[in-house]
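Chain identifiers are assigned alphabetically (A, B, ...) following the order of the sequence lines, protein sequences preceding nucleic acid strands; residue numbering begins at 1 within each chain.
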Protein chains: 2
Amino acid sequence: MKKRILISDIAKALGISVTTVSFILNDKAKEKRISEALTNRVLAYVQEVGYKPNELAKSLRTGKTKIIALIIEDISNPFFANIARLIETKAYAQGYRIIYCSTDNRLDKTQELIELFYDRQVDGFIITPTVGLAPTIQRLKDHAVPLVLFDRFLADVQTNFVVADNFTGANEATTHLFEQGFERVGFVSLRSEQSQMMDRLTGYSTAVEKQAKERYTLEVATDSWEQDIQDKLADFIKEHRIDALLFATNYLAISGLKAAKAQRFKMPAMIAYDDHTLFEMYEPSISVVSQPVEEIADKLISILLNQMQGKSKSLREVVLPCQLKIRESSRFIS
Amino acid sequence: MKKRILISDIAKALGISVTTVSFILNDKAKEKRISEALTNRVLAYVQEVGYKPNELAKSLRTGKTKIIALIIEDISNPFFANIARLIETKAYAQGYRIIYCSTDNRLDKTQELIELFYDRQVDGFIITPTVGLAPTIQRLKDHAVPLVLFDRFLADVQTNFVVADNFTGANEATTHLFEQGFERVGFVSLRSEQSQMMDRLTGYSTAVEKQAKERYTLEVATDSWEQDIQDKLADFIKEHRIDALLFATNYLAISGLKAAKAQRFKMPAMIAYDDHTLFEMYEPSISVVSQPVEEIADKLISILLNQMQGKSKSLREVVLPCQLKIRESSRFIS
DNA sequence: GTGAAAGCGCTAACAC
DNA sequence: GTGTTAGCGCTTTCAC
């Protein structure tokens, strides 16, 4: 292993002190009124030997790592992967890097991850919280760690968050189905206390009540087997003679499509939550409630950066509108 | 911000020295023959006050960060997102965390990212290299930085790598199409010198020659607009009266399906490279050459860990077989 | 304008 | 067995 060149090497080679080199390297040359000649000489030499400071030592000294922790449900879910991509690009432009981990929505794992990254002195957190995470988040807040939640928020602790307007999203989707002429509109969701799931459920229920129709809901356990989900779905549809369905997540909708294909029944009309290449291309194309991914990523980064730079101490609770993309799967065919 | 508790605080509170605490915390208690009573007292106190060492300081001192840099083409591509997920899980189990960045296959960005993470003292690299990256990789090698490439390798520099057997994958897919009875089998690929693209092309060409048929290839520029790709594809199919197609990547195949949908022509028989939920669910379901993602991730991590732990200095060049999943889209219908 | 030196929090060689 | 202390490589105060 070739030895890395150090700031002291530079100083020695140029016959000046470490301080001077450090000042010049940290753009404090004029502030400290170091001669332009020397400044240029140092810069040229640094360039020549390709010196790069050890960021670790720098971080230890400054307390800043320029790293943001992204603690996310599942990086392989396209919805999260897309957000991750956007966040990464925006953070990168500001000189920040992203360290990520998937939580699988497991509380213990999430807590552990947060502790871990906290010990690593990350500068800020972007988190999709699990139920029960409030105490952990509160602790971060106590330590004045910049953080912002997304996709869902926690009722028990006040924090910055960026979520979609899930109530309205689900409400409009449901209403659209009724307006198309469907009568028995079901809702398939996760058995979860997560805010986004609750809001979607309430959105659906409110729409059903407004239309004075019957509610049909199926809640799937988060740790169900794929096969189990498919069976439950098939039963649910048949038993209640459902003629239209709203799915609370993209993967539930995909399970639904798989069930229909495997068990050879005709999928009723449907709308999915969160867009996916599959929905766009499927025959018939699947209507979706789509979250504004780009804006979510934008807000997340800007809120976090503001906080990290100490610009704003006020709480930011951002709720962004969803977009109902009507495609073929929600068309009424009498 | 509540002050973090330090190892010196522990020592002071217990009236012992930092060394002792450090030894105990680093499992060197018996090695240094520290009394069990003291060991337990320290452990209990550490537990009680919730002391956590500053990992940054630890890293600076030990030179180990327990962080692996994942430098990948595009985290939002399901193929890479899936691998990322698997790598993450396996690394996590070994106490390593992942820091990632997407390169978009741009040389300058990739170089910059590698430098950056190198300066951050990551313990190892997993990289999908771009063309022209050899000098940078060589430099890492000179500095004895553990690294392993994947998805493609570089001819100009010897390194560990894990790739799929792209030649055979493409060859078998092409042969399968001919055996089905198709006559005019085209190949759609990226205009790129990347090894995996070249191998897929050679695999196709060799199969065509063996069958003594005509070659029809379309190479799309990597920075093309989606619309442009679709137009080119439509023209290509019509002009050569293609009756079956092999796509070199999943997104090219998706562009093909989109083109067919938008421009209302019938997609010829086809096989895509890399599986995708869409291909499984599409009507007709799309045959694919699927890479063994799980094994790739396994090999990557085990090779990298071995290297990081200094266990093996020998070069590991792993080529894993692809699996041809025959579905409906490659069926011959006369 | 420039340099010496203190420390960021930790590990581990060395001393006793 | 336990403590003292010298760094890891950097930034920054303070002195000149």
Side-chain angles (χ1 to χ4, degrees), chain A residues 1-43 45-46 49-66 118-123 143, chain B residues 1-43 45-46 49-66 118-123 143:
Chain A
M1 172 112 178
K2 254 169 39 185
K3 220 174 114 305
R4 278 184 77 114
I5 169 162
L6 309 179
I7 193 166
S8 53
D9 297 333
I10 307 275
K12 211 172 301 168
L14 262 43
I16 56 175
S17 85
V18 188
T19 318
T20 312
V21 181
S22 175
F23 282 151
I24 294 174
L25 257 31
N26 289 292
D27 288 326
K28 300 208 175 116
K30 37 228 67 157
E31 185 188 320
K32 299 292 178 179
R33 324 210 301 143
I34 292 166
S35 74
E36 203 162 313
L38 182 54
T39 304
N40 291 333
R41 202 153 64 89
V42 171
L43 257 23
Y45 185 72
V46 162
V49 298
Y51 164 75
K52 289 298 195 64
N54 178 329
E55 294 291 333
L56 222 55
K58 215 162 155 168
S59 297
L60 178 61
R61 186 61 235 234
T62 59
K64 297 269 154 276
T65 53
K66 290 274 184 173
Y118 175 67
D119 297 337
R120 282 256 159 72
Q121 322 282 116
V122 299
D123 287 353
H143 288 249
Chain B
M1 172 112 180
K2 255 172 27 188
K3 218 175 115 306
R4 278 185 76 114
I5 169 161
L6 309 180
I7 193 167
S8 54
D9 296 333
I10 307 277
K12 211 173 300 168
L14 262 42
I16 56 175
S17 86
V18 219
T19 317
T20 312
V21 181
S22 174
F23 281 151
I24 294 175
L25 257 32
N26 290 292
D27 288 326
K28 301 209 173 117
K30 37 227 69 158
E31 184 188 322
K32 300 292 177 180
R33 323 208 305 141
I34 292 166
S35 74
E36 204 162 313
L38 182 55
T39 304
N40 290 334
R41 201 153 64 89
V42 170
L43 256 22
Y45 185 74
V46 161
V49 297
Y51 164 76
K52 289 299 194 64
N54 178 330
E55 294 291 335
L56 223 54
K58 216 164 155 166
S59 297
L60 178 60
R61 185 61 236 231
T62 59
K64 297 269 154 274
T65 53
K66 289 272 182 178
Y118 175 67
D119 297 337
R120 282 255 158 71
Q121 321 283 117
V122 298
D123 288 352
H143 289 248

**Asked** Nearest-Å distance, NZ (Lys30(A)) to P (dT2(C))?
**Response** 14 Å
**Message:** Measure CD/Glu36(B) against C1'/dT2(D) and give the value in whole Å, please.
**Reply:** 17 Å
**Message:** At 4.0 Å (heavy atoms only), tell me whether Ser35(B) reaches a base, stays on the sugar-phosphate, or touches nothing.
**Reply:** sugar-phosphate
**Asked** Side chains of Arg120(B) and Thr65(B): closer than 4.5 Å at any heavy-atom pair?
**Response** no
**Request:** Report the distance from atom NZ of Lys52(B) to atom C1' of dG9(C), rounded to the nearest whole Å.
**Result:** 16 Å
**Message:** As an exercise, state the distance from CG of Leu38(B) to CD1 of Ile16(B), rounded to the nearest 0.5 Å.
**Reply:** 5.0 Å
**Prompt:** Has Asn26(A) got a side-chain N or O lying under 4.0 Å from the OP1 or OP2 atom of dT12(D)?
**Reply:** no
**Message:** The side chain of Ser22(A) is closest to which nucleotide in this list: dC10(D), dT11(C), dT12(D)?
**Reply:** dT12(D)
**Request:** Before giving the answer on side-chain contact (heavy atoms from CB on, under 4.5 Å), spell out for Tyr118(B) and Lys52(A) the whole-Å C-alpha distance, their side-chain angles and the decisive distance to 0.1 Å.
**Result:** CA-CA 10 Å; Tyr118(B) 175 67; Lys52(A) 289 298 195 64; over 6 Å; no
**Message:** dG9(D), OP1 or OP2 - any side-chain N/O from Tyr51(A) closer than 4.0 Å?
**Reply:** no
Measure all distances between protein nitrogen or oxygen atoms and nitrogen or oxygen atoms of nucleotides 3-7 of chain D, and list the pairs falling under 3.5 Å.
unit_1, atom_1, unit_2, atom_2, d
dG3(D), OP2, Ser17(B), N, 2.8
dG3(D), OP2, Ser17(B), OG, 3.3
dG3(D), OP2, Thr20(B), OG1, 2.7
dT4(D), O4, Thr19(B), OG1, 2.4
dG7(D), N2, Arg61(B), NE, 3.4
dG7(D), N2, Arg61(B), NH1, 2.7
dG7(D), N3, Arg61(B), NH1, 3.0

**Request:** Assign Lys58(A) to base, sugar-phosphate, or nothing according to its heavy-atom contacts below 4.0 angstrom with the strands shown.
**Result:** sugar-phosphate
**Message:** I'd like to know if the side chain of Ser22(A) reaches the main chain of Val18(A), judged simply by a donor and an acceptor atom lying under 3.5 Å from each other, with no hydrogens or angles considered.
**Reply:** no
**Complete:** Of Thr62(B) and Arg33(B), the one whose closest nucleotide on DNA chain D sits nearer the 5' end is Arg33(B)
**Request:** May I have the distance from Leu25(A) (atom CG) to dT11(D) (atom P), rounded to whole angstrom?
**Result:** 7 Å
**Request:** Could you tell me whether the phosphate oxygens of dT12(D), OP1 or OP2, come under 4.0 Å of any side-chain nitrogen or oxygen in Lys28(A)?
**Result:** yes
**Request:** Report the distance from atom CG of Leu60(B) to atom P of dT11(D), rounded to the nearest whole Å.
**Result:** 12 Å
**Complete:** Rounded to whole Å, CG of Leu56(B) lies from C1' of dC10(D) at a distance of 12 Å
**Message:** A side-chain contact here means heavy atoms from C-beta on lying under 4.5 Å apart; do Ile24(A) and Thr20(A) qualify?
**Reply:** yes
**Request:** For Lys66(B) and dT11(C), give me the distance from atom NZ to atom P, rounded to whole Å.
**Result:** 13 Å
**Asked** Are Asp119(A) and Arg4(B) within salt-bridge range, i.e. N to O under 4.0 Å?
**Response** yes
**Message:** Is the shortest side-chain heavy-atom distance between Asn26(A) and Lys58(A) below 4.5 Å?
**Reply:** yes
**Message:** Without decimals, in angstroms, what is the distance between Tyr118(B) OH and dG9(D) C1'?
**Reply:** 14 Å
